[in-house]
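See structure below.
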Number of protein chains: 2
Amino acid sequence: MSEITIKFLAEKLNLASSTVSRALNDSHEISDKTKKRVLDLAKSLNFQPNANARSLREQKSKTIGVIVPDRVNNFFNLVIEGLESVCREEGYSLIVYNSYEDVEQEKKIIYSLLGGKVDAVVISLADEEKEVQHLEWLREKNIPILFFDRVARHVSGLKYTTNDLESAYLATKHLLDKGCKKVAFLGLSNTSSVGKARQDGFIKAHIEHGLVYDKNLLIGFGHDDIENQKVLEKLFYKINRPDGVLAAAEKLGIATLRALHNLRIKIPEQVRIVSFTNMQFADLLSPALSTIAQPAFELGSTCAKELIRGLKSKNINLFEEKKIELPSKFTIRDSSK
Amino acid sequence: MSEITIKFLAEKLNLASSTVSRALNDSHEISDKTKKRVLDLAKSLNFQPNANARSLREQKSKTIGVIVPDRVNNFFNLVIEGLESVCREEGYSLIVYNSYEDVEQEKKIIYSLLGGKVDAVVISLADEEKEVQHLEWLREKNIPILFFDRVARHVSGLKYTTNDLESAYLATKHLLDKGCKKVAFLGLSNTSSVGKARQDGFIKAHIEHGLVYDKNLLIGFGHDDIENQKVLEKLFYKINRPDGVLAAAEKLGIATLRALHNLRIKIPEQVRIVSFTNMQFADLLSPALSTIAQPAFELGSTCAKELIRGLKSKNINLFEEKKIELPSKFTIRDSSK
DNA sequence: AAAAAAATCGGAAACGATTGCACAATATTG
DNA sequence: CAATATTGTGCAATCGTTTCCGATTTTTTT
C-alpha cells in the first residue's frame, strides 16, 4: 500500500532505519536534533508505522477481542462503550464479535483469534455449561480471557458480574410487598450463572415472605421474540394468570409489555412488572417501566482498566481467579406502583 | 506468544515451510497426501497462522475500520450489525471507532489507521463541512473510504444514504394534513447533508400546502441532552407553542417527549410528533411514537457487500463517485393521529 | 524409449519494524 | 594528557508468512 516506510525516511535523511525507529519512539539514545529532523519529516508525510510489522515484531497487536451474545442489546452495547473509553486512551483497539447466543459461533470466533490477532479476549458467554473447550484453546496460546456477566464456572480468570441475586431479591420483595400473590419469573433458558442468581433471588424473596413459589411460574424462554410473545399471551390469557412479573432479560420485559397491551390488561392494576434492562427510555414507556439497570458502562471500563494494567505489567496474572461484583440500580416506576 | 508456527509444523513433518504454507492454503501444487498430513497436524494442534505476519506479507489486514459519531445510537448500531453480518461471512473483521460527533476525534482515529491496520474505512462523518483533510490522508495511502448517512460532499467515493428529503416531506405533509398550523423542525446543528435534506423536505411540504414556514421553527440543537431538553421545555412553555414536531434525530424526539411529559402537554391532542428513529420500542412508548425508520441493517449489509466486492476484484474502483439511496419506512402511530 | 510436460517440493528473499551489539565520536575523569 | 565513560548512530538478526525460482521426480506424449 503505502510506499513510505521507516527505511524510506532513513534514506531521505541519510540515517539508518534503526535510528529513525528509535527517534520515532522517543528513545533517549537519540539526539534531540536528529529526533526533530525525523519527527518533522514523518509529520509532514503523515507517516504512520506499519501496524502489522510492529505487531509481528513485538508479538502483540494492541487490540482486544470482545465477544458478546447479542450486540444490539443495550447492556452489551454500553459495556462495549465502557471498554472502548478506556482502551482508546491507552491506544488499544477493539474488535467486537457477535456470537448470536450460539456456542458454535463462539467457537469459530475464538478459533479465528488464535493467531495473534488480539492480545486478550473479553467475553460474555453464549452458554456457560455447554462447552469450555474453546476457552482452553486461548489458554494454550497464552491469551488472557476476561469474563463479564455470563462468566465461566469451571475456568479460572477475572470475572466481572453484577449483584444479580440481590437485585432480583429486592425487586421480587417489592412486588410481593405491593400485594402480588402470583409472581412469574421470566428467564432465558440457557444455562447461565446470571439467570440462576436472579432466580435464586426471586426464590429467596418468596421464602422470606413465607410464600411457596409456584414452580410453573419459573418460565424459561428462547431467543425468538415472536415465539416468546406467543407464550406470554397464552400465559396471561389464562384465568388464573400471574399478577406480577419479574423479567430477567430486556427482551422478555418488552415482550411482556406487548403481550399485556394486546390483551388489554392494565399495568400495574392487574399485573405489575419489573424488568432487568438498560434501555434509556424506560421512563417514557406506557406505563413507565420499573427497571433493574446493570452498571454496564462501569463494568466495561473497570474491566478494561484491569485488563490493560495486566497486559502492561508482568506482575499481574490475568489468569488468576478473581471476582468483582458491581451493584445494579433498581428504579421503581409506574409499572409496579 | 504461541510457539507453534509454520516452521514448527514443517520440522515436525520433515517438510519445508513453503510446502506447509501451500498445503494450508490448499495450493494445487501440493499432493493430497502431504496436504492431509499437514492439515491433520495443524488441526490437532489448533494451529492458526499468525495474522500479523500474514498481513505484513500480503499487505492487507482483512479488517475494516468503521467510524460512527455515536456508537450507542440505534441507527449506527444496526448499520454496524449489517456490516458485520456480511464481513463475517467473508472473513473480514470490524474495528469500530466512536468519533463522539467530534471532528478532532475523527482526525485522530483516521490518523491512527494510516499504518495498514485496516484495508478500508466505512464512515459516517461527525461534520460534513468542517474539514476533509483527514479524508485525503486515506486517499494518499490508497485506503478506500465508503460513506454512509452523513456523507462527504466534496470527496468522491461510494455513498450510501436514505431518502431523507422524501421521508421528511411525507411526515411533514402528514402533520399538516392532520391540521397542524405550526410545525417545528428539530435538527442537529452540525452541517450535514442529512439534516439539510430533511429540512428541505420539511420546507417542500409547507410550500406545497401553500404555507410559509416560520424560520424560527427551524431549530438547531447540540449534543447535550439536558441542554436540549431545557430548550424544548422553553419552546413549549410559550403560549404560541408549536402544535406539531418533526424531530430529525432520535435523541431530539425523545427529548421532546420528555419535555411534553414534564409540561403535561397532551400528545397528540395538543402537539403531534413524528421522529426519525430506529428504536425498537416505539410502539410501546406513551403514546406510541410515529417514526421514520432508516433501513439501517440493509444500509450496512449492502455497503459491506459492495466494499468486499471492490476489495476482491481489481476492476472495481472504490474511489469512484457513486450514490446509493435506500428508502426509509414511515410508520404512523398514536403520537400524530 | 527418448523427449516433453506436469506434478511436488525446497531454498531464499521479501514484507516493515524493533533491538542487541558494535563502533565511532565526544565528554569526563584522574 | 591518557584513560575511561558517555552519547549517538549503524549493522544485522528477528518476528512468521507467502511466493518467486529452481530442482527433482513422475507422468505423458511422440
Side-chain angles (χ1 to χ4, degrees), chain A residues 1-39 41-42 45-62 91 112-119 141-143, chain B residues 1-39 42 45-62 91 112-119 141-142:
Chain A
M1 286 296 151
S2 172
E3 342 268 74
I4 146 173
T5 68
I6 279 198
K7 199 198 284 183
F8 177 84
L9 294 184
E11 283 168 8
K12 275 272 182 206
L13 294 169
N14 260 357
L15 290 173
S17 52
S18 54
T19 306
V20 175
S21 170
R22 277 185 265 251
L24 288 171
N25 291 324
D26 201 30
S27 162
H28 66 277
E29 43 184 346
I30 301 294
S31 72
D32 290 346
K33 201 167 56 177
T34 49
K35 253 184 205 172
K36 203 183 164 193
R37 287 213 305 147
V38 172
L39 267 311
L41 182 61
L45 292 175
N46 281 325
F47 171 74
Q48 181 75 248
N50 186 286
N52 299 122
R54 172 180 283 175
S55 294
L56 174 58
R57 174 60 215 239
E58 301 272 289
Q59 295 289 66
K60 52 185 153 184
S61 59
K62 293 216 90 182
S112 79
L113 260 35
L114 259 28
K117 213 180 170 64
V118 296
D119 296 340
K141 306 283 176 182
N142 222 34
I143 300 173
Chain B
M1 286 298 151
S2 172
E3 343 267 74
I4 147 174
T5 69
I6 280 196
K7 198 198 283 182
F8 177 84
L9 294 184
E11 283 168 9
K12 276 272 181 204
L13 295 169
N14 260 356
L15 291 172
S17 51
S18 54
T19 305
V20 175
S21 170
R22 277 186 268 251
L24 290 171
N25 292 323
D26 200 29
S27 162
H28 66 276
E29 42 184 342
I30 301 295
S31 72
D32 289 346
K33 199 168 57 178
T34 49
K35 255 185 206 173
K36 202 182 165 193
R37 286 214 304 147
V38 172
L39 267 311
L45 293 175
N46 281 325
F47 172 73
Q48 181 79 327
N50 185 285
N52 299 123
R54 172 180 282 174
S55 295
L56 174 59
R57 174 60 214 235
E58 300 272 288
Q59 295 289 65
K60 51 184 155 184
S61 59
K62 295 215 89 184
S112 80
L113 259 36
L114 259 28
K117 212 178 170 64
V118 297
D119 295 342
K141 305 283 176 182
N142 223 35

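Note that this is a predicted model, so its numbers are computed, not measured.
A:F8 comes within 4.0 angstrom of nothing in the nucleic acid, heavy atoms only. As judged by a 4.0 angstrom heavy-atom cut-off over every strand, A:S55 is placed among residues making no nucleic acid contact. As judged by a 4.0 angstrom heavy-atom cut-off over every strand, B:N25 is placed among residues touching the sugar-phosphate backbone only. Using a 4.0 Å heavy-atom distance criterion, B:I6 is classed as a sugar-phosphate-only contact.
One interatomic measurement links the two molecules: NZ of B:K60 to P of C:dG16, which rounds to 15 Å at whole-angstrom precision. Between B:R54 atom CZ and C:dG16 atom P the separation is 18 Å, expressed in whole Å. The interatomic distance linking A:E29 (CD) with C:dC23 (C1') rounds to 13 Å, in whole Å. Rounded to an integer number of Å, the gap from CG of B:D26 to P of D:dT18 is 13 Å. A:R22 places its CZ atom 14 Å from the P atom of C:dA22, with the value rounded to the nearest Å. Distance A:N50 CG to C:dT18 P: 10 Å, rounded to the nearest Å. Residue A:D32 contributes atom CG, which lies 8 Å from atom P of D:dG8 at whole-angstrom precision. Between the C1' atom of D:dT17 and the NZ atom of A:K117 lies a distance of 14 Å, rounded to the nearest Å.
Proximity of a side-chain donor or acceptor of B:K35 to a complementary backbone N or O of B:S27 within less than 3.5 Å is detected.
For A:T19 and D:dG10, the shortest distance from a side-chain N or O to OP1 or OP2 is below 4.0 Å. A close approach under 4.0 Å does occur between a side-chain nitrogen or oxygen of A:S21 and OP1 or OP2 of C:dT18. Listed pair B:S31 / C:dC9 meets the phosphate criterion, a side-chain N or O lying under 4.0 Å from OP1 or OP2. The side chain of A:Q59 contributes an N or O atom lying less than 4.0 Å from OP1 or OP2 of D:dG16. The shortest distance between the side-chain N/O atoms of A:S18 and the OP1/OP2 oxygens of D:dC11 is not below 4.0 Å.
Positionally, the nearest nucleotide of DNA chain C for B:V20 lies more toward the 5' end than for the other of B:V20 and B:A53. Taking for each of B:L56 and B:I30 the nucleotide of DNA chain C with the nearest heavy atom, the 5'-most of the two is the partner of B:I30.
For B:S61 against B:K117, the heavy-atom pair with the smallest separation is OG-O, 3.0 Å. Scanning all heavy atoms of the two residues, the minimum distance from A:A42 to A:L24 falls at CB-CD2, 4.0 Å.
In this structure, CG on B:N52 lies 11.0 Å from CD on A:E58, to the nearest 0.5 angstrom. A distance of 6.0 Å separates CG of B:L56 from CG of A:L56, quoted to the nearest 0.5 Å.
At a cut-off of 3.5 angstrom, counting only N and O atoms as typed in the model, there is a donor on one side and an acceptor on the other between the side-chain of A:R57 and the base of D:dT14.
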